[in-house]
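Take a look at the structure below.
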Amino acid sequence: MAGLNKVVDSYEAALAGLTDDMTIMVGGFGLCGIPEGLIARMVAMQVKGLTAISNNAGVDDFGLGLLLKHRQISTMIASYVGENATFEQQMLSGELNVILTPQGTLAEKIRAGGAGIPAFFTATGYGTPVAEGKETREINGRHYVLEPSLTADFALIRAWKADTMGNLVFRKTAANFNPMMATAGKITVVEAEEIVQPGELDPDHIHTPGIYVDRVIKGTFEKRIEQRTVKAKN
């Protein structure tokens with residue numbers, strides 16, 4: 001069983017093999033559930049020409065926004081520009097190739113990729129620029145768009161708990177794009193808040209089986225709040 005230990009002790013080992021011009025999936029929604037340390041390591045590696053698949057791109061000085069700031073991403077596949085002025089500026093100037101994708105469609109494209117499904121039909125986006133250049137079909141009187149699935153060279157995942165065999169548990173809203181992305185990467189790297197021994201996780205509570213995971217590293221997280229909102233005093 002010792003051979004199933006997937007824990008690595010450095011970010012260098014966690015991202016070994018990541019090179020220029022690769023496609024990466026990065027879990028998270030806004031700043032919630034993002035693999036902060038893995039992103040910081042990619043910045044330090046100065047890899048460039050990346051195609052990044054993520055719901056959005058963090059903020060200007062945090063999360064994927066750091067990779068955008070250093071011009072390391074050439075194509076962004078996302079559903080939301082969000083609060084990131086750098087993302088917006090690079091998109092509008094044409095410096096960054098952006099493929100905006102409806103959020104539910106993006107999630108299903110990733111899930112399908114992880115399940116080995118090459119494409120699927122969806123009604124979302126029919127009759128809009130989203131459907132331009134794609135096959136469409138009428139099924140039972142309704143029009144659909146054929147959407148190709150998505151996979152990546154690396155899937156970078158944030159988990160609440162992982163065991164040494166790579167079984168994962170996500171916490172609350174961090175279980176957003178992380179579980180489906182974990183299945184769709186050729187190499188899946190997990191940054192976990194806590195790593196435990198096999199058997200310590202309740203099997204009924206495991207969200208992602210370790211079969212999908214290649215490497216696990218213990219991370220420390222700032223957990224920055226994207227939009228801090230407090231109730232006004234009466």
Any pair counted as salt bridge (charged side-chain N to carboxylate O under 4.0 Å, His left out), so long as it reaches residues 165-176, sequence neighbours left out:
none
Between the side chain of Asn178 and the main-chain N/O of Gly33, is any donor-acceptor distance below 3.5 Å?
yes
Residue among Val213, Val216, Thr188, Thr208 satisfying side-chain contact (heavy atoms from CB on, under 4.5 Å) with Ile157:
Thr188
Using atom types as modelled and distance alone, determine if a side-chain donor or acceptor of Lys6 lies under 3.5 Å from a backbone N or O of Gly210.
yes
Could Glu147 and Lys134 be called an ion pair, given the rule that one side-chain N must be under 4.0 Å from one carboxylate O?
yes
With side chains defined as the heavy atoms from C-beta onward, is the minimum distance between Tyr144 and Leu146 less than 4.5 Å?
no
Under the side chain to side chain donor-acceptor pair (under 3.5 Å) rule, collect the residues that match up with Thr23, sequence neighbours excluded.
none
For Asn56, check side chain to side chain donor-acceptor pair (under 3.5 Å) against everything at least two apart and list the hits.
none
State plainly whether the residues Arg71 and Glu95 are in salt-bridge range, i.e. N to O under 4.0 Å.
yes
Would the distance check show the side chain of Arg215 and the main-chain N or O of Val189 forming a donor-acceptor pair, the cut-off being under 3.5 Å?
no
Within the side chain of Thr105, is there an N or O that forms a donor-acceptor pair under 3.5 Å with the backbone of Thr101?
no
side-chain contact (heavy atoms from CB on, under 4.5 Å) test vs Leu18 passes for just one of Ile24, Asp153, Ile187, namely Ile24
Before giving the answer on side-chain contact (heavy atoms from CB on, under 4.5 Å), spell out for Met25 and Leu150 the whole-Å C-alpha distance, their side-chain angles and the decisive distance to 0.1 Å.
CA-CA 9 Å; Met25 287 182 178; Leu150 290 170; 3.9 Å; yes
Give the table of side-chain donor-acceptor pairs shorter than 3.5 Å for residues 110-131, with sequence neighbours excluded, one pair per line with atom names and distance.
from, atom 1, to, atom 2, distance (Å)
Arg111, NE, Glu108, OE1, 3.0
Arg111, NE, Glu108, OE2, 3.2
Arg111, NH2, Glu108, OE2, 2.8
Thr122, OG1, Thr124, N, 3.2
Tyr126, OH, His143, ND1, 3.4
Thr128, OG1, Gly125, O, 2.7
Thr128, OG1, Val130, N, 3.2

Test Leu156 against every option in Met181, Met42, Glu191 by the side-chain contact (heavy atoms from CB on, under 4.5 Å) rule and name the one that passes.
Met42
List the residues meeting side chain to side chain donor-acceptor pair (under 3.5 Å) with Asp20, not counting sequence neighbours, and say none if there are none.
Lys48
Looking at Ile211, I'd like to know if its CD1 atom is crowded, meaning that more than 12 non-hydrogen atoms belonging to other residues, nucleotides or ligands lie closer than 6.0 Å.
no
Is the CG atom of Asp9 crowded by more than 12 outside heavy atoms at less than 6.0 Å?
no
Should the pair Arg158-Glu193 be classified as a salt bridge under the 4.0 Å nitrogen-to-oxygen rule?
yes
Would you please name every residue forming a side chain to side chain donor-acceptor pair (under 3.5 Å) with Asp60, sequence neighbours left out?
Thr86
